[in-house]
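A short write-up of the structure that comes next.
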Amino acid sequence: MLDIQLLRSDLEGVAKRLADRGFTLDVEAFQALEFRRKTIQTETQELQARRNQLSKQIGQAKAKGEDATALMAQVTAQADQLKALERQLHEVQARLDDMLLVIPNVPHASVPAGKSAEDNPEVRRVGTPRQFGFAVKDHVDIGAGLGMLDFDAASKISGARFMLLKGPLARLHRAIAQFMLDIHTGEHGYTEIYAPYLVNAASMTGTGQLPKFEEDLFAVPRSDGEKFYLIPTAEVPVTNIVRDEIIAGDKLPLKFVCHTPCFRSEAGSYGKDTRGMIRQHQFDKVELVQITHPSRSYELLEELTGHAETILKKLDLPYRTVTLCTGDMGFSAAKTYDIEVWLPGQNAYREISSCSNFEAFQARRMQARFRNEKGKTELVHTLNGSGLAVGRTLVAIMENYQNADGSVTVPEALRPYMGGTNAIAPR
RNA sequence: GGAGAGAUGGCCGAGUGGUCGAAGGCGCUCCCCUGCUAAGGGAGUAUAGGCUCAAAAGGCUUAUCGAGGGUUCGAAUCCCUCUCUCUCCGCCA
């Protein structure tokens, strides 16, 4: 959520910056609502002040044993009008809130302008794609050849966009997550979190998934008529740890790492990535979250992105990092780096991590604050990034470490997690 | 699933219809005293808004005692609904 003060003071400027990311801010509608709010609020508060004053006098009069009926009549006379105004004010403020909740974040000044993914500048490229002396297969064929990746069973059990792993490949999937958690906790100073996979609407609103993107989420009904939402990323439960909290300034930054399954309906992505495990309704991810002092959030975004990249370096997977341009950024982000891993089966770099600084956008929705140097409360900045998507890391390993005989070499860093196994071979 | 208790400021805790944004304590900040330490004395210390002001300072004002609704001239206090927490019983990985 943007600061309403910013909209009041620089509406045209905000509209212009939002236009860069393809969002049209309805300036007239905002101004009209603001004008109404101002008028009604002023009038309401005047009547409230009058009521409070008269009520006080009534109290004093009664204490002295005097007759207060005249004063009471005065309050009664304006009661209906006040009630009507309070109701209107309530309604206008709710509408203003609704409007604010669906306005995306303003891109940071360092974000390059652009319309789509094609305009994302590359920041760096690390590692060299391997030369294969044989015809490379994609992970679907490799998995089928191994007899350890079964989409038929998954579609029988659940439907499209699910997968089932077996044997050593399932273990490799588990090993990847364990490895990532160990690196981030042991070398990067993150605290491991285990969090709920079902969350309430307030949490989803806090991080920005609601109210605008409900169709992207899975939900389960509750007996009380409300619903639980399945988390689309650990960002949601983990960032909401600090919702409605005031954190001591010297505790910042908070650094959390959390491995969870992620559930996405993938509405509107029909036909995209239908082959393989690139785009699933359920996938695992190790997520990094930082809660920071506003003055350090951009510095820490670089650091966090580096933490995610470390995993790829340790796995010896070639990748590149791009800055998302204004037109390609997510709703809540002020700046995002995508890390893309090389997939020989697709002959392309594909997203495996997305690292963002949300500035105070989520913090304002969540009322997540800290006590600053002056002892005043101030909104924190929130950051997060995948460190990394587990399923896509598995894909990358299968494709980059494939051998001519259909086996897959286990990257050295993962062997301790695989009981010392060097390779996964067809059985 | 059944029965009961509770939710107040950064924290603890008082407050059952009137001048209560809220006693007291702790914590924190500043000052004083004391030749270290410890102790003592004083002052201050919630948040979010609105209007005003060129801006800042300031001034006026509203809301907030788990959430929402209601009663009342007036609600932390009374009524209703909901949420959450705790205790006991039952069930359970």
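FYI, side chains are in, hydrogens and waters are out, and symmetry mates aren't considered; it's all heavy atoms of this structure. All chains are named by letter (A, B, ...) in the order of the sequence lines, taking the proteins before the strands, and each is independently numbered beginning at 1.
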Checklist outcome for this item: Rounded to whole Å, CG of A:Leu71 lies from C1' of B:G18 at a distance of 14 Å
Next on the checklist: Side chain of A:Lys56 only, heavy atoms from C-beta on: which candidate in B:G50, B:C73, B:U19 is closest?
Outcome noted: B:U19
Checklist entry - Are A:Phe213 and A:Phe331 close enough that their ring centers fall under 6.0 Å? => result yes
Checklist entry - Which residue, A:Gln53 or A:Ala73, contacts RNA chain B at a nucleotide closer to its 5' end, judged by nearest heavy atom? => result A:Gln53
Next on the checklist: Using the C1' atom as the point on both nucleotides, what is the distance between B:A93 and B:G4, in whole Å?
Outcome noted: 28 Å
Next on the checklist: Would the base of B:G49 count as contacting A:Gln45 through its side chain, where contact means a donor and an acceptor less than 3.5 Å apart?
Outcome noted: yes
Checklist entry - Which is true for A:Lys62 with a 4.0 Å heavy-atom rule: it touches a base, it touches only sugar-phosphate, or it touches nothing? => result base
Item to check | Spacing of A:Arg8 atom CZ relative to B:C51 atom P, expressed in whole Å | outcome: 7 Å
Checklist entry - Are A:Asp216 and A:Arg264 within salt-bridge range, i.e. N to O under 4.0 Å? => result no
Checklist entry - If we call it a pair only when both distances are under 3.5 Å in a Watson-Crick or G-U wobble match, what pairs with B:A48? => result B:U62
Checklist entry - Between A:Arg51 and B:A63, is there a side-chain N or O to OP1/OP2 distance below 4.0 Å? => result yes
Checklist entry - What distance, rounded to whole Å, do you find between the two C1' atoms, one in B:A67 and one in B:U8? => result 15 Å
Item to check | Gap in Å between the two C1' atoms, one belonging to B:C65 and one to B:A48, rounded | outcome: 15 Å
Checklist entry - Over how many whole Å does the gap from A:Arg371 atom CZ to B:U47 atom C1' extend? => result 10 Å
Checklist entry - With rounding to whole Å, what would you report as the distance between B:U61 and B:G25 at their P atoms? => result 29 Å
Checklist entry - Would a line drawn from the ring center of A:Phe361 to the ring center of A:His381 be shorter than 6.0 Å? => result no
Checklist entry - With sugar-phosphate meaning primed atoms plus P, OP1 and OP2, does A:Ile58 contact a base, only sugar-phosphate, or nothing at under 4.0 Å between heavy atoms? => result base
Next on the checklist: Under 4.0 Å, heavy atoms only, any strand: does A:Arg87 hit a base, just the sugar-phosphate, or nothing?
Outcome noted: sugar-phosphate
Next on the checklist: Please name the nucleotide paired to B:A14 by Watson-Crick or G-U wobble geometry with both distances under 3.5 Å, or report none.
Outcome noted: none
Checklist entry - For the pair made of CZ in A:Arg50 and C1' in B:U61, what is the distance, rounded to whole Å? => result 15 Å
Checklist entry - When you compare B:G66 with B:G9, how far apart are their C1' atoms, in angstrom units rounded to a whole number? => result 14 Å
Next on the checklist: If you count every heavy atom of other residues, nucleotides or ligands that lies below 6.0 Å from A:Lys313 atom NZ, does the total exceed 12?
Outcome noted: yes
Next on the checklist: Using the P atom as the point on both nucleotides, what is the distance between B:G21 and B:G74, in whole Å?
Outcome noted: 15 Å
Next on the checklist: Whether A:Asn52 contacts B:A63 is assessed here as follows: a side-chain N or O lying under 4.0 Å from the phosphate OP1 or OP2. Is that the case?
Outcome noted: yes
Item to check | Complementary nucleotide for B:C92 - Watson-Crick or wobble, under 3.5 Å | outcome: none
Checklist entry - Distance between the C1' atoms of B:A46 and B:C91, in whole angstroms? => result 45 Å
Checklist entry - Should B:G9 form a Watson-Crick or G-U wobble pair with both distances under 3.5 Å, which nucleotide is its partner? => result none
Item to check | Complementary nucleotide for B:C30 - Watson-Crick or wobble, under 3.5 Å | outcome: B:G42
Checklist entry - Between the side chains of A:Arg243 and A:Ser203, is a donor N or O closer than 3.5 angstrom to an acceptor N or O? => result yes
Checklist entry - Tell me: CD of A:Gln41 to P of B:U62, nearest whole Å? => result 12 Å
Item to check | Pairing partner (Watson-Crick or G-U wobble, both distances under 3.5 angstrom) of B:U81 | outcome: B:A67
Checklist outcome for this item: Taking for A:Met72 and for A:Thr377 the nucleotide of RNA chain B with the nearest heavy atom, the one nearer the 5' end belongs to A:Thr377
Next on the checklist: Whether A:Gln5 contacts B:G50 is assessed here as follows: a side-chain N or O lying under 4.0 Å from the phosphate OP1 or OP2. Is that the case?
Outcome noted: yes
Item to check | Opposite nucleotide pairing with B:U72, Watson-Crick or G-U, both atom distances under 3.5 Å | outcome: none
Item to check | Protein-nucleotide distance (A:Gln60, atom CD; B:G74, atom C1'), rounded to Å | outcome: 12 Å
Checklist entry - Are OP1 or OP2 of B:C51 and a side-chain N or O of A:Lys38 less than 4.0 angstrom apart? => result yes
Next on the checklist: If we count only N and O atoms by modelled type, under 3.5 Å, do the side chains of A:Thr292 and A:Gln290 hold a donor and an acceptor together?
Outcome noted: no
Next on the checklist: Of the options B:C51, B:G18, B:U61, whose atoms approach the side-chain atoms of A:Arg37 most closely?
Outcome noted: B:C51
Next on the checklist: Output the rounded distance in Å from CD1 (A:Ile40) to C1' (B:G50).
Outcome noted: 13 Å
Item to check | Salt bridge present between A:Glu34 and A:Arg8 (N-O < 4.0 angstrom) | outcome: yes
Checklist entry - Atom CZ of A:Arg369 and atom C1' of B:G10: how far apart are they, to the nearest Å? => result 11 Å
Next on the checklist: With a 4.0 Å cutoff (strictly under), does any side-chain N or O of A:Lys83 reach OP1 or OP2 of B:C73?
Outcome noted: no
Next on the checklist: For the P atoms, the ones on B:A63 and on B:A75, what distance do you get once it is rounded to whole angstrom?
Outcome noted: 9 Å
Item to check | Under 3.5 Å: donor-acceptor pair, side chain of A:Glu399, backbone of A:His139 | outcome: yes
Checklist entry - With respect to the phosphate group of B:G69, does any side-chain polar atom (N or O) of A:His90 fall under 4.0 Å of OP1 or OP2? => result yes
